[in-house]
Amino acid sequence: MIIHEAEFLQSNTNFQKCPEPIWPEYAFIGRSNVGKSSLINMLVDKKNLALTSARPGKTQLINHFQVNKKWFLVDLPGYGFAKVSKTSRAKWAKMIYSYLESRENLMMIFLLIDSRIPAQKIDLEFINKLATMGLPFVLVFTKTDKVSKNTTNTTVAEYTKILSETWETLPLMFITSSEKKIGRDQVLDYIDSCNKLFVKPEKVNPL
Ligand code: GTP
Ligand code: MG
């Protein structure tokens with residue numbers, strides 16, 4: 001898929017205030033600092049469309065971007081940052097889970113995993129939560145430019161093994177690097193194929 005244009009639309013804390021769900025939507029989630037905002041910028045080929053930072057906790061809201069005037073990308077705040085109060089954690093959970101559960105045009109969740117480190121409990125818990133909620137998701141292994149192919153393969157194999165113990169079907173997995181633009185075509189082609197399956201929710205006014 002060729003990206004002709006990508007623009008920021010709005011930021012929200014409440015899914016009910018998000019843009020009308022008339023286009024297929026793809027949400028990016030994962031641990032703080034895993035590279036969600038960077039991946040979005042890499043996909044649309046714009047350096048600073050989504051704001052990134054070396055310090056975890058940069059993205060705090062539900063951020064909508066529109067691509068090619070035909071689909072939405074959503075940059076979400078990460079989980080698992082140690083320096084976060086219990087109250088903020090609860091706020092995150094309320095905002096994120098109500099968005100994920102209720103957003104009727106949400107075609108796919110891209111769950112980002114750091115390829116450099118062994119499987120983390122918090123990521124496995126989030127995967128199981130999404131699966132239990134019946135939400136569609138794929139795994140995206142990030143920052144592969146920072147490690148050897150061998151390390152990435154080991155991490156992917158570990159997730160495959162652990163998830164196979166519980167789930168019959170495994171999620172699709174993408175290998176990416178925002179730095180080196182690895183995995184861009186694969187992710188965009190996948191979004192393109194999902195776009196074709198989108199059916200506009202009925203109660204929304206026709207365009
Ligand atoms: P929060 O919004 O805080 O949850 O983080 P995030 O998941 O959006 O991460 P972000 O994209 O802001 O990136 C975090 C840091 O990782 C930044 O310093 C990025 O430059 C760096 N980073 C992201 N992706 C890559 C990558 O593919 N390769 C390398 N080498 N660094 C990356
Ligand atoms: Mg971010």
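Both ligands and their constituent atoms are indexed starting at 1 by order of listing.
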Is any side-chain heavy atom of [X] less than 4.5 Å from a side-chain heavy atom of [Y]?
| X | Y | answer |
| --- | --- | --- |
| I3 | L43 | no |
| V187 | M42 | no |
| E25 | L106 | yes |
| R103 | F72 | yes |
| N12 | Y99 | no |
| Y190 | F110 | yes |
| L76 | I62 | yes |
| V74 | C18 | no |

Looking only at distance, does [X] have an N or O less than 3.5 Å from an N or O of ligand 1?
| X | value |
| --- | --- |
| L76 | no |
| P77 | no |
| K36 | yes |

Does only the side chain of [X] get under 4.0 Å from ligand 1, or the backbone, or both, or neither? Count heavy atoms.
| X | answer |
| --- | --- |
| S177 | both |
| K146 | side chain |
| A50 | neither |
| D145 | side chain |

Salt bridge (Lys or Arg N to Asp or Glu O under 4.0 Å) contacts touching residues 72-98 (sequence neighbours left out):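 Qualifying pairs: none.
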
Scan residues 169-185 for pairs that pass salt bridge (Lys or Arg N to Asp or Glu O under 4.0 Å), counting only residues two or more places apart or in two chains.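 Every salt bridge (Lys or Arg N to Asp or Glu O under 4.0 Å) pair that includes a residue of residues 169-185, provided the two are not neighbours, is D45-K181.
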
Check each atom of ligand 1 against the heavy atoms of [X] and keep those under 4.0 Å away; list them by number with element.
| X | result |
| --- | --- |
| G78 | 4 (O) |
| P56 | 3 (O) |
| S37 | 8 (O), 11 (O) |

So if you build clusters from Ile, Leu, Val, Met, Phe, Trp, Tyr with side-chain heavy-atom gaps below 4.5 Å, do M1 and Y26 land together?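 They do share one cluster, since a chain of ILVMFWY contacts under 4.5 Å joins M1 to Y26.
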
For atom 16 (O) of ligand 1, which candidate among K143, K58, Q60 provides the closest heavy atom?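 Answer by nearest heavy atom: K143.
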
2.8 Å cut-off (strict), protein N, O or S atoms about the Mg ion (ligand 2):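 Considering protein N, O and S only, the Mg ion (ligand 2) has 2 within range.
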
Note the single closest protein heavy atom to [atom], along with its residue, its atom name and the distance in Å.
| atom | value |
| --- | --- |
| atom 5 (O) of ligand 1 | N33 N, 3.0 Å |
| atom 9 (O) of ligand 1 | G35 N, 3.2 Å |
| atom 2 (O) of ligand 1 | T59 OG1, 2.7 Å |
| atom 12 (O) of ligand 1 | S53 N, 3.1 Å |
| atom 18 (O) of ligand 1 | A54 CA, 3.3 Å |
| atom 27 (O) of ligand 1 | S178 N, 2.8 Å |
| atom 13 (O) of ligand 1 | S38 OG, 3.5 Å |

Are T59 and S37 linked by a side-chain donor-acceptor pair shorter than 3.5 Å?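 S37 and T59 do have a side-chain donor-acceptor pair below 3.5 Å.
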
Would S148 and T151 count as having a side-chain donor-acceptor pair, cut-off 3.5 Å?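 The answer is yes; a qualifying pair exists.
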
Mind checking whether T142 has a heavy atom under 4.0 Å from ligand 1?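 For ligand 1, residue contact (heavy atoms, under 4.0 Å) with T142 is absent.
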
CD on Q60 to CG on L51, rounded to 0.5 Å: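 Nearest 0.5 Å value for the CG-CD distance: 12.0 Å.
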
Show which side-chain atoms of residues 122-141 pair as donor or acceptor with protein atoms under 3.5 Å away, not counting sequence neighbours.
residue, atom, partner, partner atom, Å
D123, OD1, Y79, OH, 2.7
D123, OD2, R31, NE, 3.3
E125, OE2, K121, NZ, 3.4
N128, OD1, W167, NE1, 2.7
N128, ND2, L124, O, 3.2
T132, OG1, N128, O, 2.5

